[in-house]
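Throughout, residue positions are numbered sequentially from 1 according to the sequence presented.
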Amino acid sequence: MFGCLVAGRLVQTDAQPVAEGKFVFNLPDYENVNHVVIFMLGTTPFPVGTGGSVYFSYPDKSGMPVWQLLGFITNEKPSAIFKISRLKTEEVGQHPFGMMNIAQTQSVAQIGISVEPMELLTQQTPVASAAVSTIDSFTQFTQKMLDNFYNFSTSFALTQAQMVPNPSEMFIPANIILKWYENFHRRLSQNPNFWKS
C-alpha cells in the first residue's frame with residue numbers, strides 16, 4: 001500500500017503492520033538521511049474519507065522512541081517529501097504509536113503511517129521543520145548572503161563622534177547599506193531571476 005524512498009537507497013515497500021491501520025518502515029542509518037519521500041503504491045487506495053498521517057520516530061539517548069508528526073498523504077495527494085535532518089531538536093507531539101511495543105535500535109529510525117479520518121488529518125499540526133522549502137537553493141543562498149553582508153558591515157558601524165578623521169578611507173552611511181539591502185531583498189522576493197535581465 002505504501003512506499004518509502006531515501007535518496008541513494010532502494011525503495012522500501014515492506015511497511016510492517018503494527019496494529020489496525022498502522023504501518024511502520026525502518027530507516028537504518030537515519031543520521032545520514034536528510035529527506036524522505038512517502039507515497040502510495042497505487043495498489044490499494046485509502047478507504048473513503050480517510051488518509052494517512054505520517055510520523056517520524058528516532059531513539060532518544062535512553063533508547064525510547066520519540067515520535068513527531070511530519071504531515072499526511074491521501075488519495076488526492078498520494079505522495080509527500082519530508083525533511084527529517086533537523087527533527088531531533090523538535091518537541092514531541094501526540095501520536096498513535098505510543099503504547100505499541102515496536103522494536104527499535106539506536107541507529108534505526110522509523111516512519112509510521114496511521115490511517116485516520118480526514119477531519120482529524122486536517123486538524124493536526126506537523127513539526128515546522130519537516131516541510132521542504134519551496135524556495136530554490138540559489139534564492140536561499142542569496143538571501144543568506146544578503147543577511148550576512150548586512151550583519152557584517154553594520155558590525156563595524158560607528159557614530160560620528162566615534163569616527164577618527166582619516167583622509168585615505170571612505171565611509172558609507174549605514175542607512176545607505178540598509179536601503180540597498182531592503183531594495184535588493186524586495187526585488188529578489190518579487191522575482192528571483194531579476195538579476196538575469
Same cluster (ILVMFWY, side-chain, under 4.5 Å), Ile172 and Phe184
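Linked, Ile172 and Phe184 end up in one cluster.
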
So if you build clusters from Ile, Leu, Val, Met, Phe, Trp, Tyr with side-chain heavy-atom gaps below 4.5 Å, do Leu178 and Leu146 land together?
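Leu178 clusters together with Leu146.
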
Residues clustered with [X], ILVMFWY side-chain links under 4.5 angstrom:
X      : value
Met118 : Phe72, Leu121
Phe156 : Phe152
Phe171 : Leu158, Met163

Is it true that a side-chain atom of Gln124 and a backbone atom of Ser53 form a donor plus acceptor pair closer than 3.5 Å?
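Pair absent, no side-chain N/O of Gln124 close to backbone of Ser53.
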
Looking at Trp180, is its backbone amide N or carbonyl O close enough to the side chain of Glu182 to form a donor-acceptor pair, meaning the two atoms are under 3.5 Å apart?
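Answer holds: no.
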
Listed partners of [X] passing side-chain contact (heavy atoms from CB on, under 4.5 Å), at least two apart:
X     : answer
Val33 : Val6, Arg9, Ile84
Lys77 : Thr74, Ala80
Leu10 : none

Please round to the nearest 0.5 Å and tell me the distance separating atom [atom1] of [X] and atom [atom2] of [Y].
X     : Y     : atom1 : atom2 : result
Ser85 : His35 : OG    : NE2   : 6.0 Å
Gln16 : Asn26 : CD    : CG    : 7.5 Å
Ile81 : Leu5  : CD1   : CG    : 9.0 Å
Ser57 : Tyr30 : OG    : OH    : 9.0 Å
Lys83 : Leu70 : NZ    : CG    : 13.0 Å
Thr13 : Leu41 : OG1   : CG    : 6.0 Å

Contacts of type ring-ring contact (aromatic ring centres under 6.0 Å, His included), residue Phe46, not counting sequence neighbours:
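In terms of ring-ring contact (aromatic ring centres under 6.0 Å, His included), with neighbours along the sequence ignored, Phe46 is linked to Phe2.
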
Sequence-distant partners of [X], side chain to side chain donor-acceptor pair (under 3.5 Å), two or more places apart:
X      : value
Asn75  : none
Tyr150 : none
Asn34  : none
Glu20  : none

Closest non-hydrogen atom pair, [X] against [Y]:
X      : Y      : value
Lys22  : Ser114 : NZ-OG, 3.2 Å
Val11  : Phe39  : CG1-CZ, 3.6 Å
Pro17  : Phe23  : CA-CD2, 3.9 Å
Ile113 : Phe25  : CD1-CE1, 4.0 Å
Ile38  : Cys4   : CD1-SG, 3.8 Å

Pairwise side-chain contact, Ser153 with Ile177, heavy-atom cut-off 4.5 Å (strictly under):
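The answer is yes, as the side chains (C-beta and beyond) meet within the 4.5 Å cut-off.
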
Under the side-chain hydrogen bond (donor to acceptor under 3.5 Å, both in side chains) rule, what do Glu116 and Thr50 come out as? Steps first, then yes or no, please.
CA-CA 5 Å; Glu116 298 170 354; Thr50 66; over 6 Å; no

side-chain contact (heavy atoms from CB on, under 4.5 Å) between Val108 and Tyr58, intermediate numbers included:
CA-CA 7 Å; Val108 176; Tyr58 65 91; over 6 Å; no

If you measure only the distance, is there a donor-acceptor pair under 3.5 Å linking the side chains of Asn151 and Asn148?
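There is no such pair between these side chains.
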
Quick one, Gln110 with Trp67, criterion side-chain contact (heavy atoms from CB on, under 4.5 Å). Give me CA distance, side-chain angles, the key distance, then yes/no.
CA-CA 9 Å; Gln110 294 175 320; Trp67 289 93; 3.9 Å; yes

Dump the intermediate steps for side-chain contact (heavy atoms from CB on, under 4.5 Å) on Ile111 and Phe82, then the final yes or no.
CA-CA 11 Å; Ile111 296 291; Phe82 302 107; over 6 Å; no

With sequence neighbours excluded, give me every side chain to side chain donor-acceptor pair (under 3.5 Å) pair touching residues 161-173.
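Checked against side chain to side chain donor-acceptor pair (under 3.5 Å) - neighbours excluded - the pairs reaching residues 161-173 are Thr159-Gln162, Asn166-Ser168, Asn166-Glu169.
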
